[in-house]
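In what follows, chains carry the letters A, B, and so on, assigned in the order in which the sequence lines appear, proteins first and then strands, with residues in each chain numbered from 1.
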2 protein chains.
Amino acid sequence: MIFSSELIKGTLKTIVLKQLESNKRMYGYEITQRVKELTKDRIQITEGALYPTLHALEADGLVTTETEFIGKRVRKYYSLSPKGKTKIEEKLSEMAEFMETMKFLLDINPTTA
Amino acid sequence: MIFSSELIKGTLKTIVLKQLESNKRMYGYEITQRVKELTKDRIQITEGALYPTLHALEADGLVTTETEFIGKRVRKYYSLSPKGKTKIEEKLSEMAEFMETMKFLLDINPTTA
DNA sequence: ATGGATACATAATAATCTTATGTATATTGC
DNA sequence: GCAATATACATAAGATTATTATGTATCCAT
């Protein structure tokens with residue numbers, strides 16, 4: 001089962017920042033594959049969503065970039081900036097609280113999952 | 001703390017349908033107040049988001065409506081249709097699975113919340 | 001050498017929300 | 001009584017964020 005896109009909306013930045021927190025240094029395509037693998041294909045980040053998001057994170061100073069050549073092919077690595085580290089911590093605690101709130105509001109008990 | 005709007009995105013229909021499942025018959029304003037109360041002001045549904053959503057649910061045949069007059073003021077009651085009952089069950093199980101997936105992906109443990 | 005995977009990027013479109021505005025009635029405090 | 005707030009509906013302009021489509025180019029396996 002692939003999650004309906006509307007559910008994933010609003011969580012993409014958090015997912016990307018979390019990956020960068022866990023793996024220090026990643027490139028775009030790698031992030032899509034890692035998330036796909038970790039979620040057993042249930043979350044598939046499209047390129048049209050990912051790249052604008054990465055550019056926005058960079059513009060906000062939350063990530064820094066380094067471009068490398070692998071053979072003749074360009075690869076753009078992203079890393080969390082100090083500002084990005086603070087941000088992901090905020091996002092995670094907000095997400096945790098949000099999930100608790102939703103669980104209560106929607107009456108979702110652990111056995112339902 | 002009020003949740004950032006992007007988090008709530010994509011969950012509004014589920015919240016509304018769940019309220020109608022729990023309370024059988026509600027009007028729009030009542031839904032906003034109930035949700036605000038249940039979430040201790042952390043989720044505040046705006047009217048600009050609510051009414052278009054309710055109209056969309058009606059257009060999709062997920063809810064039925066009855067208009068009543070309270071004094072001279074109109075009140076529009078919404079109820080779940082059979083199709084809506086099926087839908088909310090689907091949405092809730094999807095949401096439950098999504099939350100489990102996010103918990104794993106973001107490494108959120110219960111103690112963080 | 002052809003197809004699929006890797007790897008970047010952007011544009012047109014769609015969905016869904018915020019903010020602002022509009023209308024109108026009911027209630028509460030002074 | 002009247003002003004402010006709450007109740008109750010609705011829509012429109014604009015912002016955000018995603019999908020889908022398209023473009024370019026390299027690498028690898030058959």
Neighbours of DNA chain D within residues 38-49 of chain A, by heavy-atom distance under 4.0 Å
A:T46, A:G48, A:A49

Under a 4.0 Å heavy-atom cutoff, the residues of residues 8-25 of chain B touching DNA chain D are none

Nearest-angstrom distance from the residue atom [atom1] of [X] to [atom2] of [N]:
X: A:Q33; N: C:dA5; atom1: CD; atom2: C1'; answer: 9 Å
X: A:M26; N: C:dC8; atom1: CE; atom2: C1'; answer: 16 Å
X: A:L50; N: C:dT10; atom1: CG; atom2: C1'; answer: 13 Å
X: A:L54; N: C:dA7; atom1: CG; atom2: C1'; answer: 12 Å
X: A:E66; N: C:dC8; atom1: CD; atom2: C1'; answer: 17 Å
X: A:E68; N: C:dT6; atom1: CD; atom2: P; answer: 19 Å
X: A:F69; N: C:dC8; atom1: CZ; atom2: P; answer: 12 Å
X: B:L57; N: D:dA10; atom1: CG; atom2: C1'; answer: 16 Å

Give the table of side-chain donor-acceptor pairs shorter than 3.5 Å for residues 49-63 of chain B, with sequence neighbours excluded, one pair per line with atom names and distance.
residue, atom, partner, partner atom, Å
B:T53, OG1, B:A49, O, 2.8
B:H55, ND1, B:Y51, O, 3.3
B:E58, OE2, B:T65, OG1, 3.1

Quick one: side chains of residues 68-77 of chain B, donor-acceptor pairs under 3.5 Å with protein atoms, not counting sequence neighbours, listed by atom name and distance.
residue, atom, partner, partner atom, Å
B:E68, OE2, B:R25, NH2, 2.3
B:R75, NH1, B:Y77, OH, 3.1

Which heavy atom of B:T32 sits nearest a heavy atom of B:I45, and at what distance?
CG2-O, 3.7 Å

Looking only at heavy atoms, what is the nearest atom pair of A:I88 and A:T14, with distance?
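Taking A:I88 first and A:T14 second, the nearest heavy atoms are CD1-O, 3.6 Å.
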
Test B:M99 against every option in A:M95, A:E100, A:M99 by the side chain to side chain contact (heavy atoms under 4.5 Å, CB included) rule and name the one that passes.
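In the set A:M95, A:E100, A:M99, the residue that makes a side chain to side chain contact (heavy atoms under 4.5 Å, CB included) with B:M99 is A:M99.
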
So, the side chain of B:R42 versus the backbone of B:T39: is there a donor-acceptor pair under 3.5 Å, distance only?
yes

Please tell me which of the listed nucleotides, [options], lies nearest to the side chain of [X]?
X: A:K76; options: C:dC17, C:dA9, D:dA8; value: C:dA9
X: B:Y29; options: D:dT7, C:dC17, D:dA10; value: D:dT7
X: A:Y78; options: C:dT10, C:dA9, D:dC9; value: C:dA9

As an exercise, state the distance from [atom1] of [X] to [atom2] of [Y], rounded to the nearest 0.5 Å.
X: B:Q19; Y: B:M26; atom1: CD; atom2: CE; result: 5.0 Å
X: B:I43; Y: B:I8; atom1: CD1; atom2: CD1; result: 5.0 Å
X: B:N109; Y: B:F104; atom1: CG; atom2: CZ; result: 13.0 Å
X: A:M102; Y: A:E97; atom1: CE; atom2: CD; result: 13.5 Å
X: A:Q33; Y: A:Y27; atom1: CD; atom2: OH; result: 8.5 Å
X: A:I31; Y: A:K36; atom1: CD1; atom2: NZ; result: 16.0 Å

Ionic contact status for A:K85 with A:E89, cut-off 4.0 Å:
no

salt_bridge(A:K18, A:E21) N-O dist < 4.0 Å:
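The answer is yes: the pair qualifies as a salt bridge.
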
Under-3.5 Å N/O pairs linking protein and nucleotides 27-30 of chain D:
residue, atom, partner, partner atom, Å
D:dC27, OP1, A:K72, N, 2.8

Protein N or O to nucleotides 2-4 of chain D N or O, pairs below 3.5 Å:
none

Any side-chain N or O of [X] under 4.0 Å from OP1/OP2 of [N]?
X: A:Y27; N: C:dC8; result: no
X: B:H55; N: D:dT11; result: yes
X: B:Y51; N: D:dC9; result: yes

